[in-house]
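Below you'll find the structure, written out as structure tokens, and then a few comments.
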Amino acid sequence: MEFEEAGIGEECGVFGCVAAGTWPTHLDVPHVITLGLVALQHRGQESAGIVTSNGSSSPLYMTHKGMGLVSSNFREEQIQKLRSGNLGIGHTRYSTSGISELQNCQPFVVETLHGKIAVAHNGELVNAKQLRMKVLRHGVGLSTSSDSELIMQLLALTPPKEEADTPDWVARIRNLMTATSTSYSILVMYKDVIYAVRDPYGNRPLCIGCLVPVSKLQSSREPDIETEPEGWVVSSESCSFQSIGARYYREILPGEIVQITKNGIETLDVVPRAGGDPPAFCIFEYVYFARPDSIFEGQMVYTVRQRCGRQLAIEAPVDADLVSTVPESATPAALGYAQEAGLPYVEVLCKNRYVGRTFIQPNTRLRQLGVAQKFGTLSDNFVGKRIVLIDDSIVRGNTISPIIKVLKEAGAKEVHIRVASPPIRFPCYMGINIPTKEELIANKPEFEDLAGYIGADSVVYLSVEGLISSVQEGIKRQTNSILNNIGNDKKSLRQMGHCTACLTGKYPVELEW
């Protein structure tokens with residue numbers, strides 16, 4: 001919960017859909033994209049947008065974008081205006097680079113030498129400043145402060161060997177990936193194709209699903225998603241698939257360029273990492289950002305969070321009577337801790353879901369009152385007992401302190417805090433909005449006696465090594481059949497690696513500022 005209160009957020013969510021079979025399609029493409037974006041709403045609540053296309057040789061692009069939640073921007077009237085689309089891409093935004101205003105809403109559409117393209121992007125380019133200068137030197141103006149417009153303009157630049165009348169989008173995308181190695185997952189829509197692209201380090205997630213006919217979903221026979229699709233979808237997270245009747249197909253590999261058409265999916269290229277570096281998938285997707293029912297690297301996020309809780313119980317046992325959590329992102333970790341420690345899991349706090357986020361309150365006193373208003377105590381469950389309270393992190397320390405105070409005032413004998421992730425000590429430059437280094441409690445003198453500072457009886461964080469082992473224990477690599485179809489260096493594609501820069505200060509690439 002502390003992540004939420006500290007205002008730490010994922011940058012964006014992207015979603016795309018291509019109808020299979022004969023066009024014009026009977027599939028309601030804009031409705032599918034809208035529902036997909038609703039499932040990705042946790043990745044960004046600032047703005048939302050959808051662009052659809054009829055996919056013809058001279059395509060008609062239909063666009064709707066707006067500030068706020070997906071549900072408030074895409075009602076039936078707006079969806080109806082997008083309905084002639086046979087394919088489309090959507091985006092929901094939480095800004096880390098770029099000002100919060102309508103002109104930065106994605107997807108962006110731009111005219112190129114060979115026609116219009118639409119682009120949606122999740123992440124943050126580590127060398128954006130240098131790339132902006134490159135684009136401006138080509139005489140191209142930029143109308144927004146968003147990295148996504150920068151990506152779009154770089155894609156619009158003609159590669160040296162491209163023939164005048166035939167756009168080579170693979171070469172253009174490869175040039176982009178060579179110019180900036182991280183951090184991004186990108187959807188590019190051109191005519192009847194969506195190109196799905198993940199940066200060579202795989203820092204941001206991206207996966208593919210297959211839309212299965214409802215009759216097949218209701219059948220006892222397992223549908224053959226290769227031969228019976230209604231369409232293909234691509235998403236930042238697989239949690240968006242169930243609500244639209246899609247089956248998880250596979251993850252897009254780091255550096256992979258996938259072409260999605262009405263005829264299916266095809267890997268066009270895999271761009272390698274420089275110097276044989278390992279991948280650097282953001283480890284905080286597992287800790288907090290992703291929805292718990294999403295799948296990364298062949299494992300469910302919920303299961304990983306449970307393993308983190310079990311590992312935390314091994315590293316930081318304590319004499320106590322019960323285990324509980326600050327609702328509700330740390331609940332899987334609390335259950336894992338309780339199972340490993342042999343203690344009952346008991347709810348001690350009741351969340352009022354209609355109180356706004358406390359981090360937007362104008363001063364510390366109101367923030368702390370906001371926390372008290374946000375939770376009620378279930379005192380009958382813990383009076384006179386010793387509580388192990390699991391949280392996902394302590395970022396600034398302003399949020400957990402009043403919760404401890406409320407619990408003790410309601411009769412808790414002891415409150416021991418166990419944190420299911422390591423201390424955040426460094427800022428992120430790859431798409432996560434983390435407070436400045438000076439604001440982080442782990443870098444303040446108070447951290448030396450954090451328990452005393454927040455009023456707890458003890459405080460212990462999960463170790464970096466414990467987090468990494470919990471994540472990597474259940475990873476399942478892509479099957480050989482997928483790797484064989486790609487034809488690149490199989491060894492590098494089977495490598496395992498995660499970005500822990502905000503915990504260790506070790507960034508996967510050299511920062512150019």
Which pairs pass ring-ring contact (aromatic ring centres under 6.0 Å, His included) with one or both residues in residues 438-460, sequence neighbours excluded? F447-Y461

To the nearest 0.5 angstrom, please state how far the CD1 atom of I295 sits from the SG atom of C207. 8.5 Å

Do we see a donor-acceptor contact under 3.5 Å between the side chains of T182 and D199? yes

Between the side chains of E251 and K476, is the shortest nitrogen-to-carboxylate-oxygen separation below 4.0 Å, so that they form an ion pair? no

Contacts of type side-chain contact (heavy atoms from CB on, under 4.5 Å), residue T303, not counting sequence neighbours: M300, R307

Not counting sequence neighbours, which residues clear side-chain contact (heavy atoms from CB on, under 4.5 Å) with R291? List them please. A39, H42, E237, C239, D293, S294

Return the set of residues passing ring-ring contact (aromatic ring centres under 6.0 Å, His included) with F241 (not counting sequence neighbours), or none when no residue passes. none

Heavy atoms of other groups near E446 CD, more than 12 under 6.0 Å: yes

Got a sec, which pairs hit ring-ring contact (aromatic ring centres under 6.0 Å, His included) with one end in residues 290-315, sequence neighbours left out? F281-F296, Y286-F296

Kindly write out the residues that satisfy ring-ring contact (aromatic ring centres under 6.0 Å, His included) with F74, not counting sequence neighbours, or none if the list is empty. H64

Using 0.5 Å steps for rounding, measure from the CD1 atom of I394 to the CD1 atom of I454. 4.0 Å

Checking Q106, H121, R43 against H91 for side chain to side chain donor-acceptor pair (under 3.5 Å), the one that qualifies is Q106

For residues P317 and Y337, report the shortest heavy-atom separation together with the two atoms involved. CA-OH, 3.8 Å

For Y507, which residues count as a ring-ring contact (aromatic ring centres under 6.0 Å, His included) partner, sequence neighbours excluded? Y429

Got a sec, which pairs hit salt bridge (charged side-chain N to carboxylate O under 4.0 Å, His left out) with one end in residues 310-325, sequence neighbours left out? D321-R386

Would the number of heavy atoms belonging to other residues, nucleotides or ligands and lying under 6.0 Å from NZ of K413 be above 12? no

Return the set of residues passing side-chain contact (heavy atoms from CB on, under 4.5 Å) with A412 (not counting sequence neighbours), or none when no residue passes. F382, I387, L407, V415

Test side-chain hydrogen bond (donor to acceptor under 3.5 Å, both in side chains) on D277 and Y201 and set out the steps. CA-CA 8 Å; D277 289 347; Y201 286 85; 2.6 Å; yes

Under the salt bridge (charged side-chain N to carboxylate O under 4.0 Å, His left out) rule, what pairs show up with a residue in residues 449-460, not counting sequence neighbours? K408-D457

Give, for atom OG1 of T331 and atom CD of Q306, the distance between the pair rounded to the nearest 0.5 Å. 10.5 Å

Side chains of residues 339-348: which donor-acceptor pairs under 3.5 Å do they make with residues two or more places apart or in other chains?
none

Please test I400 against L389 for side chain to side chain contact (heavy atoms under 4.5 Å, CB included), starting from the C-alpha separation and ending with a verdict. CA-CA 10 Å; I400 195 69; L389 193 67; 4.2 Å; yes

Would you please classify the geometry between the F284 ring and the F289 ring as parallel, tilted or perpendicular, with 30° and 60° separating the classes? tilted

CD1 of I475 to NE2 of H498, rounded to nearest 0.5 Å, is 4.0 Å

At their closest point, which heavy atom of P254 faces which heavy atom of R198, and how far apart are they? CD-NH1, 4.0 Å

Applying side-chain contact (heavy atoms from CB on, under 4.5 Å), can you list everything that pairs with S47, at least two apart in sequence or on another chain? M67, R93, C105

